[in-house]
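Inspection log for the structure reproduced underneath, given as structure tokens.
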Amino acid sequence: MKTLKLTFIDRITKEGINTIEDLLSNKRLAKHLWIEFILNPVIVETCKLYAENQAVRNSLVDALSWYLAFRWILPENKALEGLQREKSITPYRIKNSIYRQKRREFLKGIIHAHLC
């Protein structure tokens, strides 16, 4: 039985990802988790329980930072906004070096979501 309903990661893989543990054990897919958080608020709520895991926490920080920077083109994500209100996740300012490093993943995500 599939317990996770992923929007982005299911599109880029043929593997069956059923749990957060399956996702985190696959390094290739885990690096795209932050995009999934931006596009899928339900997964943000699910992964709050895993916020102690460093990979999940880093993905939440990246997702919130990029969501706030590009909110004008992204669908509303109440779950990420809630993390900001609660101050449980502190976003960073996307500097040019960070943008160059992660822009390809970000663009790939918004193209798959048909946002551009």
Side-chain angles (χ1 to χ4, degrees):
M1 181 172 97
K2 186 153 179 77
T3 56
L4 289 180
K5 181 150 175 57
L6 303 170
T7 58
F8 176 66
I9 292 176
D10 279 346
R11 289 184 182 174
I12 62 172
T13 186
K14 302 283 190 249
E15 301 172 32
I17 302 297
N18 297 320
T19 65
I20 294 296
E21 291 81 11
D22 291 344
L23 180 61
L24 294 175
S25 67
N26 185 323
K27 299 291 183 198
R28 183 182 72 83
L29 297 177
K31 75 176 187 175
H32 297 291
L33 185 57
W34 68 278
I35 303 264
E36 186 71 38
F37 287 152
I38 291 172
L39 300 175
N40 190 351
V42 175
I43 295 299
V44 175
E45 293 297 331
T46 302
C47 287
K48 277 185 181 180
L49 304 173
Y50 295 88
E52 297 302 319
N53 180 307
Q54 193 62 40
V56 173
R57 186 154 191 84
N58 290 343
S59 293
L60 285 169
V61 170
D62 286 341
L64 180 58
S65 301
W66 283 75
Y67 174 76
L68 293 175
F70 294 98
R71 183 184 315 191
W72 53 278
I73 60 170
L74 297 170
E76 186 176 45
N77 191 324
K78 295 282 188 189
L80 284 176
E81 291 172 6
L83 290 176
Q84 182 190 21
R85 268 193 311 280
E86 296 167 4
K87 298 190 186 318
S88 57
I89 300 292
T90 305
Y92 57 80
R93 184 174 177 269
I94 299 176
K95 297 178 182 171
N96 199 23
S97 60
I98 295 170
Y99 177 78
R100 282 194 311 268
Q101 179 186 12
K102 293 188 175 266
R103 71 176 173 222
R104 188 167 189 223
E105 291 173 56
F106 180 71
L107 291 173
K108 189 175 179 181
I110 63 173
I111 288 170
H112 275 288
H114 305 292
L115 296 174
C116 68

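- Across F37 and V56, no two heavy atoms sit closer than the pair CE1-O, 4.0 Å.
- Note that CG of N40 and OG1 of T7 are 4.5 Å apart. Values are rounded to the nearest 0.5 Å.
- For the side-chain contact (heavy atoms from CB on, under 4.5 Å) test with V44, the passing option among L83, L64, I38 is L83; the others fail.
- For the atom pair I20 CD1 and N53 CG, the distance stands at 9.5 Å (nearest 0.5 Å).
- Taking 4.5 Å as the limit, some side-chain heavy atom of W66 sits within range of a side-chain heavy atom of Y99.
- Side chains of Y92 and V61 form a contact here, defined as non-hydrogen atoms less than 4.5 Å apart.
- To the nearest 0.5 Å, the span separating CD1 on I110 from CG on L39 amounts to 9.0 Å.
- Atoms CG and CG, on L60 and L33 in that order, are 7.0 Å from each other to the nearest 0.5 Å.
- Nearest heavy-atom pair, H32 versus R28, reported as atom, atom and distance to 0.1 Å: CD2-O, 3.2 Å.
- Inter-residue side-chain proximity for D62 and I98 is flagged as unmet; no heavy-atom pair is nearer than 4.5 Å.
- Looking at every heavy atom in both residues, I35 comes nearest to G109 through CG2-CA, 3.7 Å.
- In this structure, NZ on K5 lies 10.0 Å from CD on E36, to the nearest 0.5 angstrom.
- Residues S59 and W34 approach most closely at O-CB, 3.3 Å, considering heavy atoms.
- The number of heavy atoms from other shown groups lying within 6.0 Å of CD (E86) is above 12.
- Heavy-atom minimum distance, S65 versus P91: OG-CA, 3.3 Å.
- Proximity of I89 to R57: side-chain heavy atoms (C-beta onward) are separated by under 4.5 Å at one or more points.
- Interatomic distance, K95 NZ to Q101 CD, rounded to the nearest 0.5 Å: 12.5 Å.
- Looking at L29 and I12, their side chains come closer than 4.5 Å, going by heavy atoms from C-beta outward.
- Y50 is not connected to V42 by any chain of hydrophobic side-chain contacts under 4.5 Å among Ile, Leu, Val, Met, Phe, Trp and Tyr, and they are in different clusters.
- Neither F8 nor I111 shares a network with the other; the hydrophobic side chains, linked directly or stepwise wherever heavy atoms of I, L, V, M, F, W or Y lie under 4.5 Å apart, form separate groups for each.
- Contact of the Q84 side chain with the Y67 side chain is not registered, since no non-hydrogen atoms from C-beta on lie closer than 4.5 Å.
- Side-chain atoms of Q54 and N58 include a donor-acceptor pair closer than 3.5 Å.
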